[in-house]
Amino acid sequence: MVLQSFVREREMAAVFPALFMITVLVLEAAVVVGGFPAALQLERRVPLATHELELSRLRERDRVRHGRLLQSSGGVVDFPVQGTYDPFLVGLYYTKIQLGSPPRDFYVQIDTGSDVLWIGCNSCNGCPQSSGLQIQLNLYDPGSSSTASLVSCSDQRCSAGVQSSDSGCSGQSNQCSYTFQYGDGSGTSGYYASDLLHLDTILEGSMTTKSTAPIMFGCSMLQTGDLTKSDRAVDGIFGFGQQSLSVISQLSSQGITPRVFSHCLIGNNGGGGILVLGEILEPNMVYTPLVPSQPHYNLDLRSISVGGQVLSIDPSVFSTSSNQGTIVDSGTTLAYLADQAYDAFVSAITNTVSQTVRPVLSKGNQCYLISSNVTDIFPQVSLNFAGGASMILNPQDYLVQQNSIGGAAVWCIGFQKIQGQGITILGDLVLKDKIFVYDLANQRIGWTNYDCSMSVNVTANVNTGRSEFVNAGQMSDGGSPQNQPRSIKALLLHMFMIAGLLFL
């Protein structure tokens, strides 16, 4: 969701059979010490089988080592994803995190349009007590966590947040605080706390290792507007922006994760998907640079094509300034097009299908009565960005099905417009069924169309060319379709093996 003047709408794993052949050799090596050869005996570090060391202990020893090796390269942190883009079901994607000692569960919306992770806290005014998503809501209580602390105004993290308008200070309490207002009139305010975030880091096979990292996050004491409603309530918002107070920035500055994250959001009714702090690798990825010095993930959109034809829209309509530009925002359910481009876009689609379907208006939205598959009727749309990168939208990426009339399905244009605004927002309607990589280290965003229920390759070694990566595939737990959690199980393709023969 995009803060301030922008609209905010809440609208793994095949386990390779691993044969670990443990080699323990006693070798003599000739070296020169002061001009004389010397023999160095290499001592055994691992007891022989006769010492009755169980394989389970060896595996545990290797697991710890692998964890150290992976952590030293940045690690791939995995978050489960729930929810769906469908505004008639859920209308948001969210994940579960654990905070504190002992750890407690919190469900938070995945939001690339804001920076800060904030959670509803005890004594919160306006925080929902229940959720229509059938999830258990919890309030964070700093007093119940042995590792919690408050963040003061003198904390350098608070000072850094002031520069990006993510934090403020009260001279009386010396407490680092925040106030966020969203475009739909809702808002939240509170203070900052620091506590341990519990992480699942992908290791070989279906194994993960658990670790913790201290992070600073918002403790909400007041919520207003739609944030108070319980129909789609979650415990808070997980901001994935690139400013200093975002979790991705905090973890990367501690050397825990790389400065890149990826998601792949499933678009069907089951929803869910993949969210990792690492780079999803896919050969068909295309990248475009981020517009520099912007508070959000702004892209340089150059033109739009419908059915292969470039629309006659002045390119300046998409240029980036203080009140216009193109933003990638997973906190927005639908998508929005700059006012001056909207009519040309809708007209081009309508003209393409008018001989096959019946165009109708429904509550001011352009809709169509369709009696066959939309993919067979509607054209592809291409959003063309700087650097020659194009984002191909299939009909389900710009249309939303509403209901049926006389046996015909009603599909409506899912792109909306903000009257008099030059903002284009690519929300979940567009982001779903695609891999998206936010490469903050190289200031670029990449994507490709993808079946997000399939496995993906992930690396934590951005720009190193190293081959350590994981093959992540999804396993689903029980639950109703729209709330079904999806988690990643991973297999390290870079095997840490000691191979050879054992001679006794």
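Heavy atoms only: backbone and side chains are in, while hydrogens, waters and symmetry mates are out. None of these values were measured; they are calculated from a predicted model. Counting from 1, the numbers follow the sequence of the chain as shown.
Of the possible donor and acceptor atoms, one in the side chain of Gln250 sits under 3.5 Å from a partner among the backbone N and O of Leu245. Here the side chain of Gln223 pairs no donor or acceptor atom with the backbone of Gly236 at under 3.5 angstrom. When atom types are taken as modelled, the side chain of Thr112 and the backbone of Gly239 share no donor-acceptor pair closer than 3.5 angstrom. Proximity of a side-chain donor or acceptor of Ser167 to a complementary backbone N or O of Cys158 within less than 3.5 Å is detected. In this structure a side-chain-to-backbone donor-acceptor pair under 3.5 Å is missing from Asn298 to Val291. With hydrogens and angles disregarded, no donor-acceptor distance shorter than 3.5 Å links the side chain of Thr326 to the backbone of Thr424. With hydrogens and angles disregarded, a donor-acceptor distance shorter than 3.5 Å links the side chain of Ser131 to the backbone of Ala233. For Asp200 (side chain) and Lys210 (main-chain N/O), no donor-acceptor pair under 3.5 Å exists by modelled atom type.
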Side chain to side chain contact (heavy atoms under 4.5 Å, CB included) evaluation trace for Leu311 with Val306: CA-CA 7 Å; Leu311 303 183; Val306 174; 4.0 Å; yes

Verdict with supporting geometry, Tyr107 and Thr95, side chain to side chain contact (heavy atoms under 4.5 Å, CB included): CA-CA 6 Å; Tyr107 293 92; Thr95 186; over 6 Å; no

Trace of the side chain to side chain contact (heavy atoms under 4.5 Å, CB included) decision for Ile135 with Asp235: CA-CA 10 Å; Ile135 56 177; Asp235 291 313; 5.8 Å; no

Intermediate values then yes/no, side chain to side chain contact (heavy atoms under 4.5 Å, CB included), Asp433 and Asn449: CA-CA 6 Å; Asp433 300 321; Asn449 289 356; over 6 Å; no

Scan the side chains in residues 378-398 for donor-acceptor partners under 3.5 Å anywhere in the protein, sequence neighbours excluded, and list what turns up.
{"unit_1": "Gln380", "atom_1": "NE2", "unit_2": "Asn394", "atom_2": "OD1", "d": "3.0"}
{"unit_1": "Ser382", "atom_1": "OG", "unit_2": "Asn384", "atom_2": "OD1", "d": "2.6"}
{"unit_1": "Asn384", "atom_1": "OD1", "unit_2": "Ser390", "atom_2": "OG", "d": "2.8"}
{"unit_1": "Asn384", "atom_1": "ND2", "unit_2": "Ser303", "atom_2": "OG", "d": "3.0"}
{"unit_1": "Asn384", "atom_1": "ND2", "unit_2": "Ser305", "atom_2": "OG", "d": "3.1"}
{"unit_1": "Gln396", "atom_1": "NE2", "unit_2": "Thr375", "atom_2": "OG1", "d": "3.0"}
{"unit_1": "Asp397", "atom_1": "OD1", "unit_2": "Lys432", "atom_2": "NZ", "d": "3.1"}
{"unit_1": "Asp397", "atom_1": "OD2", "unit_2": "Asn394", "atom_2": "N", "d": "2.9"}
{"unit_1": "Asp397", "atom_1": "OD2", "unit_2": "Lys434", "atom_2": "NZ", "d": "3.3"}
{"unit_1": "Tyr398", "atom_1": "OH", "unit_2": "Pro379", "atom_2": "O", "d": "2.6"}

Donor-acceptor list for residues 138-151 side chains, cut-off 3.5 Å, not counting sequence neighbours:
{"unit_1": "Asn138", "atom_1": "OD1", "unit_2": "Arg104", "atom_2": "NH2", "d": "2.9"}
{"unit_1": "Asn138", "atom_1": "ND2", "unit_2": "Asp105", "atom_2": "O", "d": "2.9"}
{"unit_1": "Tyr140", "atom_1": "OH", "unit_2": "Asp195", "atom_2": "OD2", "d": "2.6"}
{"unit_1": "Asp141", "atom_1": "OD1", "unit_2": "Asn122", "atom_2": "ND2", "d": "3.2"}
{"unit_1": "Asp141", "atom_1": "OD1", "unit_2": "Gly143", "atom_2": "N", "d": "3.0"}
{"unit_1": "Ser144", "atom_1": "OG", "unit_2": "Asp141", "atom_2": "O", "d": "2.8"}
{"unit_1": "Ser145", "atom_1": "OG", "unit_2": "Ser101", "atom_2": "N", "d": "3.0"}
{"unit_1": "Ser145", "atom_1": "OG", "unit_2": "Thr147", "atom_2": "N", "d": "3.4"}
{"unit_1": "Ser145", "atom_1": "OG", "unit_2": "Thr147", "atom_2": "OG1", "d": "3.3"}
{"unit_1": "Ser145", "atom_1": "OG", "unit_2": "Asp195", "atom_2": "OD1", "d": "3.3"}
{"unit_1": "Ser145", "atom_1": "OG", "unit_2": "Asp195", "atom_2": "OD2", "d": "2.7"}
{"unit_1": "Thr147", "atom_1": "OG1", "unit_2": "Ser101", "atom_2": "OG", "d": "2.9"}
{"unit_1": "Thr147", "atom_1": "OG1", "unit_2": "Asp195", "atom_2": "OD1", "d": "2.5"}

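Between Leu92 and Arg232 there is a side-chain heavy-atom pair separated by less than 4.5 Å. Side-chain contact between Tyr450 and Glu282: present, with at least one pair of heavy atoms (C-beta onward) separated by less than 4.5 Å. Within the 4.5 Å cutoff, side-chain heavy atoms of Ile110 are placed close to those of Leu275. The shortest side-chain heavy-atom distance between Phe436 and Ile445 falls under the 4.5 Å cut-off. Ile119 has its side chain within reach of Val108: a pair of non-hydrogen atoms, C-beta onward, lies under 4.5 Å apart. Between Leu281 and Val458, every side-chain heavy-atom pair lies at or beyond the 4.5 Å cut-off. Counting heavy atoms from C-beta outward, Asp300 and Thr320 have side chains that stay 4.5 Å or more apart. Counting heavy atoms from C-beta outward, Phe217 and Leu197 have side chains that stay 4.5 Å or more apart.
Here the closest non-hydrogen pair linking Cys264 and Ile435 is SG-CG1, 3.8 Å. When all heavy atoms are compared, the tightest approach of Pro128 to Leu227 is CG-O, 3.3 Å. Here the shortest heavy-atom pairing between Ser114 and Ile237 reads OG-CG2, 4.0 Å. Of all non-hydrogen atoms in Leu301 and Phe318, the two that sit nearest each other are O-CB, 3.1 Å. In plain terms, the two heavy atoms of Ser211 and Thr201 that are nearest each other are OG-OG1, 3.9 Å. When all heavy atoms of Ser246 and Gly241 are compared, the pair lying nearest together is OG-O, 2.7 Å.
Judged by distance alone, the side chains of Ser220 and Thr188 do bring a donor and an acceptor atom under 3.5 Å apart. When only modelled atom types and interatomic distance are considered, His263 and Tyr93 share no side-chain donor-acceptor pair under 3.5 Å. Thr332 and Asp329 are linked by a side-chain donor-acceptor pair at a separation below 3.5 angstrom, with hydrogens and angles left out of the test. Looking at Ser316 and Ser319, their side chains never bring a donor and an acceptor atom within 3.5 Å of each other. Of the N and O atoms on the side chains of Thr459 and Asn457, not one donor lies less than 3.5 Å from an acceptor on the other residue.
Evaluation of the ring pair (Phe, Tyr, Trp, His ring centres under 6.0 Å) rule for Tyr191 yields no partner, not counting sequence neighbours.
From Leu440, atom CG reaches atom OG of Ser252 across 7.5 Å, with rounding to the nearest 0.5 Å. In this structure, the separation between CZ on Arg157 and OG on Ser249 is 13.5 Å, given to the nearest 0.5 Å. The CZ atom of Phe415 sits 10.0 Å away from the CG atom of Leu399 when rounded to the nearest 0.5 Å. Atom-to-atom distance recorded for Asn442:CG and Glu279:CD is 8.5 Å, nearest 0.5 angstrom. Taking OG of Ser189 as the reference point, atom CG of Leu222 lies at 4.0 Å (rounded to 0.5 Å). Here Ile304 contributes atom CD1 and Tyr342 contributes atom OH; the two are 11.5 Å apart, rounded to the nearest 0.5 Å.
A disulfide is assigned to Cys153 and Cys169, since their SG atoms are nearer than 2.5 Å. Under the 2.5 Å cut-off for SG-SG separation, Cys124 and Cys121 do not qualify: their sulfur atoms lie farther apart than that.
Taking the six-membered ring for Trp and thresholds of 30 and 60 degrees, Phe261 and Phe240 have ring planes inclined between 30 and 60 degrees apart.
Using a cut-off of 4.0 Å between Lys/Arg side-chain N and Asp/Glu carboxylate O, Lys229 and Asp231 are scored as not salt-bridged.
Applying side chain to side chain donor-acceptor pair (under 3.5 Å) to Gln242 and the options His296, Gln443, Arg259 leaves one that passes, Gln443.
Here the two rings, on Phe238 and Tyr94, have centers that are 6.0 Å apart or farther.
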